[in-house]
Amino acid sequence: MDFKQAIAAALSTPAGLPAEELYTWLETPRSPEMGDYAFPCFKLARTLKNAPPAIAAQIAASIVLPQGVAKAAQAGGYVNFFLDKAARAKAVLERVFDEGERYGGSDMGKGRNVCIDYSSVNIAKPLHIGHLPTTVIGAALYRIYNHLGFHSVGINHLGDWGTQFGKMIVAFKRWGDRDTIEQGGVDELVKIYVRYHQESDQNPALDDEARAWFKRIEDGDAEALELYEWFKEITLKEVAQAYDILGIRFDSYAGESFYNDKMGRVVDELKEKGLLKLDQGAQIVDLSDYKMPPCIILRSDGATLYATRDIAAALYRKDTYDFARCLYVVAYQQDLHFRQWFKVVELMGYDWAKDLVHVSFGMVSGTEGAFSTRKGNMVKLRDVLSAACEKTYDIICEKSPDLEDKEVVAKQVGVGALVWNSLYNGRIKDVVFDWDLVLNFDGETGPYAQYTHARACSVLRKADYKPGAVDYARLTDAESSAVIVAIGAFPDAVVEAMEKNEPYLVTRSVMNICTAFNKFYYEQRIMTDDAAVRQARLALTDATRRVIAVGLGLIGVAAPERM
RNA sequence: GCGCCUGUAGCUCAGCUGGAUAGAGCAACGGCCUUCUAAGCCGUAGGUCCCGGGUUCGAAUCCCUGCAGGCGCGCCA
């Protein structure tokens, strides 16, 4: 039962317009006292040749109220509709109980694949705080699309190719030690890599050596390949830990090296279609008609580039997954790059170029300015994660000394705080990494949402709650209604989050539910003596806890039952 | 120079497919634990919605001109 649709249908006759259009006119008033839906009559003034307030009054007086709508009242140029609170409570809560973990989901994406390219780790480089946005945004979208019936394909487009691996081999052979690296992992690889750069400044011959080693990787030389694969293994083992903590997995790790033998096809095809042009020795696709610089496909030395590889990957993904959408969760710095090669794919005649989406996000910098390896002010993801967990552990010891599994919960809450933080605002906003901010657990934070969930669970536990018949007329007070409205808004938030590729819409929706519930919790005693009221409030508490868990699940934050 | 993005409370942000007095959190100040988890709740204070034009019955929201900041602009990814 969709009240908004019913109201739009009922308005159709007096307004003289189709219900579908009126549906889009309907808005939600700022305050619940003003009603649940508002219909602005200003646009009707011209066609109906009357003043908006008069039209509103007329509609309010004459409209046939649909089921579940209690009242229509004129206020200025608006008709405000007030729902029957019990009817709404019934509709919303029954849907929650009915759908359970699938609440807010649907099968709208049934049979359609969505490729999501995110995280994209570089081999032999550590994960740092800058990897957090792409990783958690991508992972959240992965779950959100799946929730809506799509089939998500998570792709970690590894940065696993390039001359730096020749350098790594040179560095390893000169200064590396297998055991030390096995023990110390990526940090040790970085150490010898840094040393390489220091030494190569003095001794340029090293670069020739490195080039030769990279050539041997390319040619499939056994020793070179073994080392290369080993670097990869060391790195992937380490990032796997971070992904494990974040609860993330990928369906494919096909990265740069994977497309090595797939770029010839792109070049040939571009040539065939007459899109390639020789310019200053390089093969380019001219995009001046689209007010963009040319897209370079082949360097003057014949080597391929980033764009070539991305086009090859897109073609491969289309063939392999037949995606309905292919998302690239990559920082906005690369906006032009994506616009360029998306255009090239379009010019190649592929209509699915429109399904390629650059899901861009702002950059992460430190309070002292941009992070850089050279400045040495890079914040490692591992350090942030452990700092958050440690701080959480201390708080638990202070606030819930009797809690079992303190470490487990500390991890859930600490990590949850970080993930929530990354998914609380629009993607495009730049982020200044600030320890104080990240480790603040008050207010609009992950721990707040988790706390609300744990609180609800606690009540249900103490009440020994058993689902049963609910008298929804007991849930018509302002606080209960606010919770119900917030819960009822969740499904639309999920859909909008998918449409805009903006996970924060889900986060904010969860936040709204939590705020409403905490107020309800404070104002209305749940375990009252009146059995009918108690049962109704417990049902509301149960529904709240379920929806918070679903929402947190979508954004990748754990929902502990105690904390 | 050109292109893209951003500009809302001291700080971080929501609101931006036009609508009713511009909303949160943090920070500040003041209240609320002998009732269900105080990681909570309530209150006070805090705003030229960057400036200026335009469209409209109505603009934080749409269009144009500026200003400020970020990012990018052929052989890196």
Side-chain angles (χ1 to χ4, degrees), chain A residues 24-25 27 29-31 34 38 40-43 45-46 51-52 75-78 80 120 122 157 159 161-164 256 279-284 287 291-307 309-310 330-337 339-340 360 362-363 365 370 392 395-396 398-400 403 413 417 421 424-426 428-432 434 436-437 440-452 454-463 504-505 508 511-512 514-515 517-528 534 537-538 541 562-563:
Chain A
T24 65
W25 290 22
E27 20 184 292
R30 313 170 49 260
S31 153
M34 295 156 81
C41 300
F42 307 97
K43 287 181 198 167
R46 196 159 296 163
Y78 293 87
N80 289 335
S120 300
N122 291 314
H157 190 84
W161 202 247
T163 49
Q164 70 268 29
E256 294 173 2
D279 192 279
Q280 296 171 37
Q283 293 289 342
I284 65 157
L287 297 173
K291 292 179 181 146
M292 282 189 276
C295 184
I296 306 181
I297 302 297
L298 289 178
R299 281 192 331 212
S300 31
D301 66 359
T304 55
L305 281 123
Y306 188 28
R309 205 174 296 266
D310 270 341
V330 179
Y332 66 61
Q333 278 95 325
Q334 306 204 28
D335 177 64
L336 178 61
H337 163 73
R339 284 190 5 246
Q340 285 178 305
S360 62
M363 47 177 251
S365 58
T392 310
I395 295 176
I396 291 173
E398 182 195 325
K399 299 190 190 247
S400 314
L403 184 67
V413 176
N421 216 276
Y424 195 61
N425 291 325
I428 202 65
K429 294 285 178 186
D430 284 334
V431 179
V432 175
D434 182 341
D436 293 341
L437 233 55
N440 169 42
F441 296 170
D442 296 329
E444 302 169 337
T445 63
Y448 171 86
Q450 293 171 312
Y451 174 79
T452 309
R455 210 182 202 189
C457 288
S458 170
V459 174
L460 295 171
R461 216 162 36 229
K462 285 198 173 152
Y504 86 93
L505 293 166
R508 297 265 173 174
M511 173 72 203
N512 291 339
C514 292
T515 305
F517 180 78
N518 280 321
K519 192 172 168 92
F520 160 76
Y521 179 93
Y522 186 84
E523 300 287 343
Q524 306 288 350
R525 177 142 184 92
I526 297 167
M527 286 193 262
T528 52
R534 187 172 65 236
R537 288 182 181 164
L538 283 168
T541 302
R562 301 169 200 256
M563 64 185 271

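Note on naming: letters A, B, ... go to the chains in the order of the sequence lines (proteins, then strands), and numbering restarts at 1 for each one.
- Under the Watson-Crick or G-U wobble criterion, with both distances below 3.5 Å, G18(B) has no partner in any strand shown.
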Exercise for the section: Begin from the C-alpha positions of Thr392(A) and Met563(A) and carry the test side chain to side chain contact (heavy atoms under 4.5 Å, CB included) through to its verdict. Expected result: CA-CA 10 Å; Thr392(A) 310; Met563(A) 64 185 271; over 6 Å; no
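- Going from atom CG of Asp310(A) over to atom CG of Leu305(A) covers 11.0 Å, rounded to the nearest 0.5 Å.
- Proximity note for Tyr521(A) (side chain, C-beta onward) versus C36(B), C4(B), A39(B): the nearest is C36(B).
- Remark: Asn122(A) CG to Gln164(A) CD distance equals 7.5 Å, nearest 0.5 Å.
- Residue Leu336(A) is in sugar-phosphate contact alone, with no base atom involved, counting any heavy-atom pair closer than 4.0 Å across all strands shown.
- When heavy atoms are screened at a 4.0 angstrom cut-off, Ala282(A) is found touching base atoms of the nucleic acid.
- Contact annotation: the side chain of Thr304(A) approaches that of Leu298(A) to within less than 4.5 Å [non-hydrogen atoms, C-beta and beyond].
- Taking every heavy atom of both residues into account, Ile526(A) and Tyr521(A) meet most closely at CD1-CD1, 4.1 Å.
- Atom CE in Met292(A) sits roughly 18 Å away from atom P in G72(B) (whole-Å rounding).
- A donor-acceptor pair is defined here as one N or O able to donate and one able to accept, closer than 3.5 Å; no such pair exists between the side chain of Arg534(A) and the backbone of Met527(A).
- If you check every strand for non-hydrogen atoms under 4.0 Å, Arg508(A) touches sugar and phosphate atoms only.
- Residues Leu336(A) and Pro293(A) meet the side-chain proximity criterion, which asks for heavy atoms closer than 4.5 Å.
- Using a 4.0 Å heavy-atom cutoff across all strands shown, Gln283(A) reaches no nucleic acid atom at all.
- Nucleotide A28(B): paired with U44(B) (Watson-Crick or G-U wobble, both distances less than 3.5 Å).
- The nearest whole Å value for the distance from the CD atom in Gln340(A) to the P atom in G74(B) is 9 Å.
- Residue Gly281(A) is classed as having no contact, given no heavy-atom separation below 4.0 Å to the nucleic acid.
- The nearest whole Å value for the distance from the CD atom in Glu27(A) to the P atom in G15(B) is 16 Å.
- When all heavy atoms of Asn440(A) and Asp442(A) are compared, the pair lying nearest together is OD1-N, 3.1 Å.
- Val413(A) comes within 4.0 angstrom of a nucleotide base, judged by non-hydrogen atoms across all strands.
- Among the nucleotides C26(B), A20(B), C13(B), the one closest to any side-chain atom of Asn425(A) is C13(B).
- At whole-Å resolution of the value, CG in Leu403(A) and P in A39(B) are 13 Å apart.
- Rounded to a whole Å, the CZ atom of Arg562(A) is 17 Å from the C1' atom of A39(B).
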I'd like a list of close polar pairs between nucleotides 57-63 of chain B and the protein, N/O only, cut-off under 3.5 Å.
from	atom 1	to	atom 2	distance (Å)
C57(B)	OP1	Arg46(A)	NH2	2.9

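- To the nearest angstrom, P of G72(B) lies 13 Å from OH of Tyr306(A).
- Distance check: Arg508(A) CZ to Glu444(A) CD gives 6.0 Å after rounding to the nearest 0.5 Å.
- For Phe441(A), taking side-chain heavy atoms from C-beta onward, the closest of the listed nucleotides A20(B), A39(B), G25(B) is A39(B).
- Side-chain proximity of Gln333(A) to the nucleotides G70(B), G72(B), G40(B) is greatest for G72(B).
- Positionally, the nearest nucleotide of RNA chain B for Asp335(A) lies more toward the 5' end than for the other of Tyr504(A) and Asp335(A).
- If you check every strand for non-hydrogen atoms under 4.0 Å, Leu287(A) touches nothing.
- Smallest separation of non-hydrogen atoms from Leu538(A) and Leu460(A): O-CD2, 3.6 Å.
- The side chain of Met363(A) approaches G70(B) more closely than any other nucleotide in the set A38(B), U21(B), G70(B).
- Contact of Asp442(A) with A38(B) (side chain to base): no donor-acceptor pair of N or O atoms is detected under 3.5 Å.
- U61(B) is unpaired under the criterion used here, namely a Watson-Crick or G-U wobble arrangement in which both key atom distances are under 3.5 Å.
- Nearest heavy atoms, Phe441(A) versus Ala417(A): CE2-CB, 3.5 Å.
- Using a 4.0 Å heavy-atom cutoff across all strands shown, Asn512(A) reaches no nucleic acid atom at all.
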Under 3.5 Å between N/O atoms: give me all the protein pairs with nucleotides 41-45 of chain B, atom names plus distance.
from	atom 1	to	atom 2	distance (Å)
C41(B)	OP1	Tyr448(A)	OH	2.8
C42(B)	OP1	Lys519(A)	NZ	3.2

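- Comparing Cys41(A) and Thr452(A) against RNA chain B, the residue whose closest nucleotide sits nearer the 5' end is Cys41(A).
- Nucleotides C29(B) and G69(B), compared at atom C1', are 33 Å apart to the nearest Å.
- In plain terms, the two heavy atoms of Asn421(A) and Leu437(A) that are nearest each other are ND2-O, 4.1 Å.
- Between A39(B), C36(B), G70(B), one nucleotide has an atom nearer to the side chain of Tyr332(A) than all others, and that is G70(B).
- When both distances must be under 3.5 Å, the Watson-Crick or G-U wobble mate of G3(B) is C71(B).
- Which of A38(B), U6(B), A20(B) sits closest to the side chain of Ile428(A) comes down to U6(B).
- The shortest distance between side-chain heavy atoms of Glu256(A) and Tyr306(A) does not fall below 4.5 Å.
- No contact: Asp301(A) has no heavy atom under 4.0 Å from any strand.
- Residue Met511(A) is classed as having no contact, given no heavy-atom separation below 4.0 Å to the nucleic acid.
- Between Cys514(A) and Thr452(A), the shortest heavy-atom distance links the atoms CB-OG1, 3.7 Å.
- Rounded to whole angstrom, the span from the CG atom of Leu505(A) across to the C1' atom of C16(B) amounts to 13 Å.
- Glycosidic conformation at C33(B) (O4'-C1'-N9-C4 for purines, O4'-C1'-N1-C2 for pyrimidines): syn, within 90° of 0.
- Residue Thr541(A) holds its OG1 atom at 9.5 Å from CZ of Arg537(A), rounded to the nearest 0.5 Å.
- Within 4.0 Å of Pro447(A), counting heavy atoms only, lies at least one base atom of the nucleic acid.
- The P atoms of U17(B) and U12(B) are separated by 24 Å, rounded to the nearest whole Å.
- Within 4.0 Å of Ala331(A), counting heavy atoms only, lies no atom of the nucleic acid at all.
- Distance from the side chain of Leu305(A) is smallest to C76(B) among C36(B), C76(B), G3(B).
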Atom pairs under 3.5 Å, N or O on each side, protein against nucleotides 7-10 of chain B: can you list them with distances?
from	atom 1	to	atom 2	distance (Å)
G7(B)	OP1	Lys429(A)	NZ	3.4

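- Taking a 6.0 Å sphere around CZ of Arg562(A), one finds it holds 12 or fewer heavy atoms contributed by other residues, nucleotides or ligands.
- At whole-Å resolution of the value, CZ in Phe520(A) and C1' in C36(B) are 10 Å apart.
- By the rule that a glycosidic angle within 90° of 0 means syn, G74(B) counts as syn.
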